[in-house]
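A note on names: the letters A, B, ... follow the listed sequences, proteins ahead of strands, and every chain is numbered from 1.
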Number of protein chains: 2
Amino acid sequence: MGVLRRTSRDIRSDSRLDVLHAVLSAGETTRNEIAQATGLSTATVATVVGELIAEGIVAETKVTVGRIGRPTATLGMNADRGRVVGIDVAETYVSAVMFDTALNQIASVEDTRDEQDQDPDSVVEGIGRVLDRVLEENGVSRRDVLGVGVALPGLVQGPSGVSVVVPHWTWHRVELDRLRERLGLPLVIDNPLRVIATAELWLGRGRYCSSMATINLGTGVGAGIVLEGRVLRGATNSAGEWGHSLLVLDGRPCRCGRRGCVEAYIGAPGIQQTLREIDPTHPLADLELQRDFIAAMAEAADGPEPDPAVRETIARTAYYLGSALADLVAVVNPEIVTLTGWTTWALGDHLLLPTREHVREQAPGRSAHDLQLVVSTVGGNSVATGVATIALERFLADAGLLTTQIPIAL
Amino acid sequence: MGVLRRTSRDIRSDSRLDVLHAVLSAGETTRNEIAQATGLSTATVATVVGELIAEGIVAETKVTVGRIGRPTATLGMNADRGRVVGIDVAETYVSAVMFDTALNQIASVEDTRDEQDQDPDSVVEGIGRVLDRVLEENGVSRRDVLGVGVALPGLVQGPSGVSVVVPHWTWHRVELDRLRERLGLPLVIDNPLRVIATAELWLGRGRYCSSMATINLGTGVGAGIVLEGRVLRGATNSAGEWGHSLLVLDGRPCRCGRRGCVEAYIGAPGIQQTLREIDPTHPLADLELQRDFIAAMAEAADGPEPDPAVRETIARTAYYLGSALADLVAVVNPEIVTLTGWTTWALGDHLLLPTREHVREQAPGRSAHDLQLVVSTVGGNSVATGVATIALERFLADAGLLTTQIPIAL
């Protein structure tokens with residue numbers, strides 16, 4: 001692949017993207033505020049906003065008439081242009097979240113998944129079922145759906161084709177085509193890491209820095225990386241697989257087949273393994289469902305007399321997480337690292353401070369002294385939100401509103 | 001720091017950079033070949049080349065008159081426009097290499113350094129001395145030097161200031177100013193990792209791929225990373241410190257103060273440590289000078305009856321290197337990884353094949369199946385070459401030939 005060349009057309013598209021970013025993340029804004037936020041001239045903003053209103057993407061939500069000067073219009077995304085759906089296919093559940101075109105969440109449904117069931121037909125059917133349900137339960141016609149995004153764990157793409165690298169999932173083009181057929185709507189498919197990075201870029205901290213990583217903590221762990229306003233995809237769409245970088249050469253077995261991966265220590269099953277090493281007879285050591293385990297850990301840590309084995313487990317997890325983040329800082333050296341995912345929502349408050357200390361101690365030189373390590377401001381299911389955002393981006397690109405120099409999923 | 005915005009002026013500068021890259025890397029070329037290599041229109045190439053000739057940067061070296069059509073001019077860099085000097089300050093030596101403006105090497109001098117001597121004054125004087133020598137010994141006047149580049153190990157920059165993070169070197173702005181004064185010539189200073197990435201970008205494989213890492217193997221180890229034609233610098237100019245990412249949590253002590261860093265296993269002293277673990281009484285285990293040790297390893301491995309302990313050391317080093325490269329592939333997912341540095345020149349042939357195997361086995365999914373892992377085509381001292389290239393870039397920027405959207409060292 002050659003180096004991307006940029007043309008005047010790309011710059012025009014960049015201006016549109018910047019304006020859309022500004023409108024989306026502000027919720028309500030004005031032309032002047034957009035000019036301030038983006039650094040574009042007021043003339044450019046006026047032109048771009050005019051086009052976006054004509055195309056039904058942006059709307060004037062109200063007009064304020066002051067005593068002096070011209071009336072000021074409040075702008076927002078045209079929420080009623082249609083609906084987009086983001087589907088998060090995780091190891092233990094499949095979740096569909098419906099959004100309006102201002103990316104406000106309207107409804108969601110979730111099915112639990114049998115972690116052992118890796119039959120592609122049953123995964124495809126599970127995805128189809130949550131999509132059908134979220135539409136039916138909310139009386140939304142398929143005609144009103146502009147696009148659906150599906151985040152599939154471990155999706156990669158390269159010269160040798162498309163595949164899904166979750167252990168024992170070996171999806172290729174044929175399974176993806178079957179999914180496309182089952183859903184029957186404009187579809188984008190992407191990797192959860194690209195997806196959370198996109199959510200952070202459009203709705204979180206990614207717009208305001210030149211380099212950022214967002215860390216997903218759940219069953220699996222990984223990093224979505226944003227450099228200079230673009231999501232890093234890598235040669236085979238697998239950049240950010242920091243969860244499968246080494247913490248300990250020849251250490252704990254990881255479900256990817258390698259030993260000593262970061263994920264084997266700070267993925268939810270890895271955290272449970274740490275508890276088991278500290279106290280093999282601990283009542284939480286045998287909880288079967290991962291999310292129950294993490295919720296119980298949070299509860300035990302929050303009480304007035306915190307469980308010592310739980311506290312020690314959290315302390316070691318923060319050490320593992322901090323050490324692994326120091327590696328990410330060493331290689332990518334981002335300005336900001338945000339934490340997301342369901343382990344973060346449950347344990348983030350306990351992990352954040354000690355992890356920050358460990359990163360600063362262990363990253364090379366002073367590279368982490370000015371690092372901001374924070375919990376993501378993109379709440380809820382950031383995977384579903386992110387992949388719905390990509391579906392919206394794809395709709396805008398297909399409608400000719402963005403150029404395709406922005407690589408958009410599959 | 002905000003996201004960089006791009007303007008038409010940047011695009012014009014990009015065209016100049018592309019043309020300069022094409023001329024520099026081809027040595028001799030024509031306007032048509034430049035258009036083919038860069039994808040620019042022949043009209044744009046003609047304009048840019050005309051400007052570069054008028055400014056004395058590019059020259060027509062000969063004109064070929066065919067039987068049909070217009071005569072064809074052969075173009076090259078105007079080598080005699082002046083001289084640039086690249087200075088590589090390493091742990092064990094300081095080396096100055098002089099180039100013409102076509103980046104042909106003209107001369108070099110080298111002093112050994114006492115690894116224990118970390119007094120800034122003596123480092124500054126050591127740098128000044130090799131610069132003086134390379135000019136005097138070759139009868140070059142300071143007037144003819146367009147710029148000097150100095151690569152300082154561990155140089156980082158951030159909101160908290162500039163510092164050099166080699167253990168026990170604590171340089172700040174004052175030491176850098178002293179260096180500037182001692183040399184008395186236009187000066188750029190950069191980190192060896194940014195420097196080798198720049199060399200690879202201008203003169204090696206970096207122009208032809210969207211993502212690349214070049215790995216420096218010497219006393220220290222690190223990665224220069226190029227993404228979409230730009231060198232990744234990171235928030236504090238310390239991106240690519242992969243040598244200080246973890247191979248083994250709480251493993252071997254590293255000279256950075258952390259334990260278990262990649263460098264502690266595949267830096268030259270780390271390789272010697274591996275030999276010592278295999279055979280504590282091995283005659284090479286006690287060689288004092290690192291470069292002598294690596295040269296002796298190569299000799300022992302090349303013989304008709306290779307030394308078994310040496311072979312085992314090389315096998316383990318390839319395993320460590322492959323595992324650590326798999327981590328880099330997991331996070332950055334580059335198309336190409338090149339190896340450079342003096343350990344590579346000595347042992348690269350022995351390391352390359354087994355390392356390639358280990359990377360493919362250990363990188364996530366199929367992410368390394370299409371990875372090209374090769375020895376760099378930028379021969380010689382790529383640190384000196386790279387930092388001389390940055391000095392040339394800076395000269396071109398100061399002369400108004402490139403915009404400063406390209407971040408150029410200090």
Side-chain angles (χ1 to χ4, degrees), chain A residues 1-8 10-11 14 39 154 156 158-160 163 165 207-211 223 225 227-229 232-249 251 256 258 320 323-324 326-328 330-335 362 364-367 369-371, chain B residues 1-8 11 14 39 154 156 158-160 163 165 207-211 223 225 227-229 232-249 251 256 258 320 323-324 326-328 330-335 362-367 369-371:
Chain A
M1 193 196 308
V3 171
L4 290 175
R5 297 196 57 79
R6 298 173 63 85
T7 64
S8 314
D10 296 333
I11 288 179
D14 278 359
V156 298
S160 7
S163 56
V165 292
R207 289 204 309 129
Y208 306 109
C209 60
S210 66
S211 53
I225 298 170
L227 298 173
E228 294 183 5
L232 179 66
R233 307 187 82 86
T236 63
N237 202 31
S238 69
E241 287 288 358
W242 160 84
H244 299 286
S245 70
L246 282 175
L247 191 62
V248 185
L249 186 72
C256 75
R258 200 185 187 190
Y320 296 144
S323 303
D327 283 5
L328 192 67
V331 173
V332 176
N333 191 206
E335 277 178 65
Q362 298 201 50
R366 298 178 56 82
S367 55
H369 278 238
D370 299 304
L371 177 76
Chain B
M1 191 196 306
V3 170
L4 290 175
R5 297 197 57 80
R6 297 172 65 84
T7 64
S8 313
I11 290 180
D14 278 359
V156 297
S160 4
S163 57
V165 293
R207 288 206 310 127
Y208 306 109
C209 60
S210 66
S211 52
I225 299 171
L227 298 173
E228 294 184 6
L232 179 67
R233 308 186 83 85
T236 63
N237 202 30
S238 69
E241 286 289 356
W242 159 86
H244 299 286
S245 69
L246 283 175
L247 192 62
V248 185
L249 185 72
C256 75
R258 199 186 187 190
Y320 296 143
S323 302
D327 283 4
L328 192 68
V331 173
V332 176
N333 190 205
E335 279 178 62
Q362 299 202 50
R366 298 176 57 80
S367 55
H369 279 239
D370 300 304
L371 176 76

S.K.: For chain B, find which of A/Ala330, A/Ser245, A/Pro334 contributes the most heavy-atom pairs closer than 4.5 angstrom.
M.R.: A/Ala330
S.K.: Non-hydrogen atoms of chain A under 4.5 Å away: do they reach the side chain of B/Ser211, the backbone, both or neither?
M.R.: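 Interface part for B/Ser211: side chain.
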S.K.: Please identify, among A/Leu227, A/Val248, A/Leu249, the residue contributing the most non-hydrogen atom pairs under 4.5 Å to chain B.
M.R.: A/Leu249
S.K.: What are the two closest non-hydrogen atoms of B/Leu246 and A/Ser323, and how far apart are they?
M.R.: CD1-CB, 3.8 Å
S.K.: Side chain, backbone, both or neither: which part of B/Leu328 has an atom under 4.5 Å from a heavy atom of chain A?
M.R.: side chain
S.K.: With chain B as the partner, which of A/Asp327, A/Leu371, A/Leu232 has the greatest number of non-hydrogen pairs under 4.5 Å?
M.R.: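 With the most close heavy-atom pairs to chain B, the winner is A/Asp327.
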S.K.: What I'd like to find out is whether the side chain of B/Ile225 reaches to under 4.5 Å of the side chain of A/Val331, using heavy atoms alone.
M.R.: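 Contact flag for B/Ile225/A/Val331 side chains = yes.
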